[in-house]
Amino acid sequence: MLPCKGQCYNRVSKNRCFYEERTDLSEIKVRFAPSPTGPLHIGGARSALFNWLFARRYNGKVVVRIEDTDLERSSRESESNILSSLRWLGLDWDEGISVGGPNGPYRQTERLELYKQYTEELLASGWVYRCYCSEEELATQREAQMAAGEMVGYTGKCRDLFEEDCKRLEGEGRRPVLRFRVPQGKVLTIRDQVRGDVSFDCNGIGDFIIVKSDGIPTYNFAVVVDDYTMGITHVVRAEEHLSNTPLQVLLFEAMGWPVPEFAHISLILGQDRSKMSKRHGATSIQQYRDMGYLPEAMINFLALLGWSTGTEDEVFTLDQVKESFSLERVAKSPAVFDLEKLNWLNGYYIRHSPVEKIAELAVPYLQQAGYLPEIVDDRLMEKVRLVTVAVREYLEYMAQIVDYAGVFFDDPAYDDPEAKEVLSQEQVPVVFGALRDKLTNAGTLDEAGVKAMLKKLPKELGLGGKNVYQPLRVGLTGKTKGPELYHLLPALGGPKATERLERALAQARG
RNA sequence: GGCCCCAUGGUCAAGCGGUUUAAGACACCGCCCUUUCACGGCGGUAACCCGGGUUCGAAUCCCGGUGGGGUCACCA
């Protein structure tokens with residue numbers, strides 16, 4: 001492995017080098033651990049991406065684990081939705097849910113026995129104790145603390161209960177939670193790969209719950225057990241978890257387990273600079289997928305949110321980022337989600353991907369608009385391809401194609417005032433007649449042929465270009481703006497074009 | 001409110017003490033291309049939060065303030 005030589009590319013912060021901290025980089029193992037309480041969120045997707053990138057960059061392993069200890073809100077639907085979004089983005093994993101591995105199961109509710117085993121240890125060593133305070137009691141206490149401006153946290157009421165006390169309280173029907181005995185007077189310093197060292201005073205941390213009264217472990221406990229038993233070396237996650245980290249470190253230490261490296265990436269903010277949520281519009285990967293955003297664009301965009309190459313490159317593939325990613329270049333400050341830029345990037349990918357691929361993506365939207373039947377045969381697919389060629393430069397996302405594809409499928413109404421004006425021009429019948437004659441003799445229309453044909457037209461008619469092209473456009477589409485005529489005609493086909501010109505003429509006279 | 005994080009144009013960001021009269025991208029504006037719209041090309045407007053230090057020299061380092069955010073659940 002490369003040693004650090006001062007001018008180190010992998011410097012983690014000013015005075016620290018990534019290579020100095022982990023000598024065996026092939027040992028790197030990260031995890032993405034969503035809780036299945038909803039679809040994959042933009043922020044979650046970025047966390048997954050950064051984890052993936054970091055692992056792949058150093059030939060490490062990725063595990064996907066499901067954190068479903070919130071029985072109320074977790075669902076299998078959300079779980080499969082998250083997994084499908086991950087796959088859609090092109091992020092794979094070596095171990096975990098649905099692919100298996102040596103450290104399974106990978107769903108926390110299926111690991112209850114394991115947590116129980118470690119709970120016993122903690123209980124025996126005195127690190128945790130039973131607490132019988134009710135939720136109501138704690139809530140009122142919390143409010144009082146808040147109001148008084150005191151530190152909010154458990155006061156330690158049940159810290160030193162005797163066996164008899166426990167029996168009595170249980171006799172009252174109380175079910176205990178298990179709390180961790182947070183050592184007082186201790187300062188914990190967390191090494192964070194993007195933030196440097198962050199310190200927390202344990203006096204500011206109340207004894208926290210590690211097992212709920214129903215016997216299910218809480219997030220903070222399950223995470224620690226899993227990260228240890230699964231051999232996770234680096235925890236890359238959103239900054240909102242930073243304040244949970246000391247609690248987890250306390251648990252690692254109590255168990256005598258090595259503490260993994262942490263990297264807390266900043267949050268993605270909405271336009272109003274608060275943490276992105278539903279009220280900021282579309283926030284799930286699924287929604288963007290449905291609107292016709294391409295996974296390449298999403299990946300590219302997400303990678304640029306909080307990370308940069310350091311060069312002037314802005315457009316790149318997942319494989320390319322994989323080669324250059326490093327936590328060192330991850331920004332510390334939060335990033336506002338900029339839909340305009342996503343749209344530009346997605347439009348860029350729509351314009352630069354193979355037409356066939358884009359045409360394929362267009363089909364469902366055109367079907368939904370009623371422009372295409374359920375079964376699309378080869379002939380129709382060819383038309384879709386030509387339509388795609390004609391309109392793709394207008395699109396920011398695929399769903400917008402219906403706004404531009406109408407002229408290819410619906411015959412125009414010629415009711416636009418501007419269009420009527422153009423059709424009433426005196427040269428119109430002659431121009432239309434000329435094109436009709438050419439189309440009749442042309443056979444199958446292709447872009448080059450039509451281009452050549454159109455180019456000659458004004459001269460042959462002794463007219464200016466504008467007097468020829470603008471009426472044709474209006475006659476063919478009923479609109480004064482739209483795709484190039486040489487894209488329009490091949491997609492429409494000769495007979496349909498001729499028919500429209502005649503109808504336009506009739507309208508103009510009528 | 002306590003604790004924690006953050007601070008370069010409207011947004012994403014480069015910048016790691018002198019090479020900066022501060023890159024690049026999106027957005028915006030103008031011109032060109034196109035006898036339409038868009039695409040594309042060219043150009044332009046626009047930023048180092050404030051105050052103290054340290055230093056010959058600070059956007060870059062330190063401290064304080066201010067501002068923004070996160071977190072304080074038997075949610076994760």
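Only heavy atoms go into these numbers, but all of them, side chains included; no hydrogens, no water, no symmetry mates. Quick caveat, the model's predicted, so the values are computed rather than measured. Note on naming: letters A, B, ... go to the chains in the order of the sequence lines (proteins, then strands), and numbering restarts at 1 for each one.
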Taking any heavy-atom pair under 4.0 Å as a contact, classify [X]: base, sugar-phosphate, or nothing.
X      : result
A/D201 : nothing
A/E340 : sugar-phosphate
A/G204 : nothing
A/S308 : sugar-phosphate
A/S74  : nothing
A/T69  : sugar-phosphate
A/C202 : nothing
A/V177 : base
A/F208 : nothing

Sequence neighbours left out, what passes salt bridge (Lys or Arg N to Asp or Glu O under 4.0 Å) with [X]? Give chain and number order.
X      : result
A/E418 : none
A/K481 : none
A/E253 : A/K186
A/D165 : A/R168

Using the [atom1] atom as the reference point in each nucleotide, state the distance between [N] and [M] in Å, no decimals.
N      : M      : atom1 : result
B/rA59 : B/rC4  : C1'   : 25 Å
B/rG15 : B/rA7  : P     : 13 Å
B/rC31 : B/rC16 : C1'   : 39 Å
B/rC50 : B/rG43 : P     : 31 Å
B/rU11 : B/rC28 : P     : 16 Å
B/rA22 : B/rA46 : C1'   : 13 Å
B/rU54 : B/rC63 : C1'   : 11 Å
B/rC39 : B/rC29 : P     : 12 Å

Filtered N/O pairs between nucleotides 21-25 of chain B and protein, under 3.5 Å:
from   : atom 1 : to     : atom 2 : distance (Å)
B/rA23 : O2'    : A/E312 : OE2    : 3.4
B/rG24 : N2     : A/E314 : OE2    : 3.0
B/rG24 : N3     : A/E314 : OE2    : 3.4
B/rA25 : O4'    : A/E314 : OE2    : 3.2
B/rA25 : N3     : A/K341 : NZ     : 3.3

Under-3.5 Å N/O pairs linking protein and nucleotides 41-44 of chain B:
none

Please pick, from [options], the nucleotide with the shortest atom-to-atom distance to any side-chain atom of [X].
X      : options                : answer
A/S333 : B/rU36, B/rC6, B/rC72  : B/rC6
A/E484 : B/rC3, B/rA76, B/rA38  : B/rA38
A/Q470 : B/rC74, B/rA14, B/rU36 : B/rU36
A/E393 : B/rA76, B/rU34, B/rC39 : B/rC39
A/S35  : B/rA13, B/rA76, B/rA73 : B/rA76

Applying side chain to side chain donor-acceptor pair (under 3.5 Å), name anything that partners [X], two or more places apart in sequence or on another chain.
X      : answer
A/Q425 : A/Q427
A/H280 : A/D272
A/K438 : A/E460
A/T245 : A/R237, A/H264

Under 4.0 Å between a side-chain N or O of A/K212 and OP1 or OP2 of B/rA76? yes

Using only side-chain N and O atoms of A/R195, determine if any of them is under 4.0 Å from OP1 or OP2 of B/rC4. no

SB check A/E484 A/R473 (cutoff 4.0 Å): no

I'd like a table of atom pairs between the protein and nucleotides 66-70 of chain B - only N or O on both sides, under 3.5 Å - with the distance next to each one.
from   : atom 1 : to     : atom 2 : distance (Å)
B/rG70 : OP1    : A/K275 : N      : 3.0

Pairs involving residues 389-405 of chain A, ordered by first then second residue, that meet side chain to side chain donor-acceptor pair (under 3.5 Å) (sequence neighbours left out): A/E396-A/Q400

If you measure only the distance, is there a donor-acceptor pair under 3.5 Å linking the side chains of A/N343 and A/Y293?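 Yes, because at least one side-chain N or O of A/N343 sits under 3.5 Å from a partner of the opposite role on A/Y293.
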
Could you check how far CZ of A/R473 sits from C1' of B/rC37, rounded to whole Å?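 So the CZ-C1' distance, A/R473 to B/rC37, works out to 8 Å.
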
Want to settle it: does A/E67 or A/R142 sit nearer the 5' end of RNA chain B, counting the closest nucleotide to each? A/R142

